[in-house]
Amino acid sequence: MTTSRRFVADDLFKFNNVGGLIRYPLQYNISFYLQYMAQWPDYFVASEAPNGACMGYVMGKAEGQGKLWHGHVTALTVAPEYRRLGLAEELMNILEVVSEKIGFFVDLFVRVSNKVAISMYEKFGYTVYRRVLEYYTGPDPEDGFDMRKALPRDTRKESIVPLPHPVRPEDLEW
């Protein structure tokens, strides 16, 4: 049985099998994780196996103002041995439910070449809102898609109407 709970500081030492600190290129320093735990604890959730292993986590936050107030997915990671079990969808659902209290939509960024992730997010109800030119920098630079899913507060689905042209990272609101 899987247990979903708030991510805690001790989890930072348990999730190398999931990715994050060591194995994958999307790495944050410990203070970044601690900031999210302190500022947005309801948006940072771990899934734990019966043996105590970290199966995956979602890390997010709330940001924006007015009709742009939304939940943001900073990272969604599931350990390879726990993939294709619905865990990613469960973690996303938790973040979406938390976001429904205050937000109009949930957004996330994904590399345009990451077809597997894009397909997964589309199955979860996300659509491409806009392309962000050169969003990902470093040794493997690439454009990113800003994907969004409208929440019940956005009754007219205004937050997900795709932009007709790409934008640059400096043009992003948040």
Side-chain angles (χ1 to χ4, degrees), residues 7 12 15-16 18-40 42-46 56-80 83 87-89 91-96 98-100 102-151 153-154 157-174:
F7 197 95
L12 291 170
F15 70 90
N16 286 338
V18 179
L21 286 180
I22 295 175
R23 286 179 48 194
Y24 296 100
L26 183 62
Q27 296 180 20
Y28 304 109
N29 60 41
I30 289 179
S31 65
F32 187 80
Y33 289 99
L34 295 174
Q35 176 189 1
Y36 271 71
M37 282 185 269
Q39 285 191 266
W40 303 285
D42 293 340
Y43 287 82
F44 202 168
V45 177
Y57 66 90
V58 64
M59 177 172 59
K61 62 183 176 178
E63 60 187 3
Q65 61 186 32
K67 287 191 174 186
L68 292 178
W69 194 251
H70 65 283
H72 173 74
V73 179
T74 303
L76 172 67
T77 308
V78 176
R83 292 184 182 158
L87 188 57
E89 185 172 20
L91 289 166
M92 290 294 288
N93 284 338
I94 291 169
L95 189 137
E96 291 165 11
V98 172
S99 298
E100 284 178 1
I102 52 90
F104 288 85
F105 61 94
V106 172
D107 78 344
L108 57 91
F109 292 90
V110 62
R111 289 179 177 272
V112 297
S113 65
N114 193 343
K115 305 297 185 206
V116 172
I118 293 166
S119 175
M120 178 187 72
Y121 291 127
E122 287 174 341
K123 287 178 187 168
F124 298 166
Y126 288 78
T127 58
V128 174
Y129 173 68
R130 60 188 165 184
R131 184 182 193 115
V132 184
L133 302 173
E134 301 174 358
Y135 181 76
Y136 293 96
T137 60
D140 192 17
E142 187 174 353
D143 293 355
F145 283 140
D146 177 356
M147 297 186 76
R148 293 184 176 188
K149 180 177 182 177
L151 296 175
R153 289 183 75 187
D154 184 4
K157 310 286 187 228
E158 295 170 4
S159 64
I160 62 171
V161 175
L163 291 185
H165 54 81
V167 299
R168 303 199 60 76
E170 58 268 19
D171 299 326
L172 297 173
E173 298 88 2
W174 315 109

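By convention here, the first residue in the shown sequence is residue 1.
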Residue pair [X] / [Y]: nearest heavy atoms and the distance that separates them:
X	Y	answer
G103	L151	O-CD1, 3.8 Å
K157	A150	CD-CB, 3.5 Å
M92	L108	CE-CD2, 3.9 Å
F105	K67	CE2-O, 4.0 Å
I118	F145	CD1-CD1, 3.7 Å
M120	A88	SD-CB, 3.8 Å

Can you measure from [atom1] ([X]) to [atom2] ([Y]) and round to the nearest 0.5 angstrom?
X	Y	atom1	atom2	value
Y28	Y36	OH	OH	6.5 Å
F7	F44	CZ	CZ	4.0 Å
L34	F32	CG	CZ	11.0 Å
T77	L87	OG1	CG	10.5 Å
D146	H72	CG	NE2	8.5 Å

In sequence, state the C-alpha distance, the side-chain angles, and the governing distance for W40 and V98, and then conclude on side chain to side chain contact (heavy atoms under 4.5 Å, CB included). CA-CA 10 Å; W40 303 285; V98 172; over 6 Å; no
Are the side chains of [X] and [Y] in touch, meaning some heavy atoms are under 4.5 Å apart?
X	Y	value
V73	V106	yes
V167	L133	no
Y135	L172	yes
Y129	L163	yes

Does the pair R153 and E100 meet the rule for a salt bridge (charged side-chain N to carboxylate O under 4.0 Å, His left out), with working shown? CA-CA 7 Å; R153 289 183 75 187; E100 284 178 1; over 6 Å; no
Kindly determine whether E122 and T127 satisfy side chain to side chain donor-acceptor pair (under 3.5 Å), including the steps that lead there. CA-CA 6 Å; E122 287 174 341; T127 58; over 6 Å; no
[X] side-chain N/O to [Y] backbone N/O, donor-acceptor pair under 3.5 Å:
X	Y	result
D143	V112	no
E142	S113	yes
D171	R168	yes
S99	L95	yes

The test is side chain to side chain contact (heavy atoms under 4.5 Å, CB included); show your working for L91 and L76 and say whether it passes. CA-CA 8 Å; L91 289 166; L76 172 67; 3.9 Å; yes
Between L68 and F104, is the side chain to side chain contact (heavy atoms under 4.5 Å, CB included) condition met? List the steps. CA-CA 7 Å; L68 292 178; F104 288 85; over 6 Å; no
Give the C-alpha distance, both sets of side-chain angles, the deciding distance and a yes or no for side chain to side chain contact (heavy atoms under 4.5 Å, CB included) between V110 and M147. CA-CA 8 Å; V110 62; M147 297 186 76; 3.7 Å; yes
Quick one: which of R130, E134, R131 gives a side chain to side chain contact (heavy atoms under 4.5 Å, CB included) with P166? R131
Side-chain donor-acceptor pairs of residues 59-66 under 3.5 Å, sequence neighbours excluded:
{"residue": "K61", "atom": "NZ", "partner": "E63", "partner atom": "OE1", "Å": "3.4"}
{"residue": "E63", "atom": "OE2", "partner": "H70", "partner atom": "NE2", "Å": "3.1"}

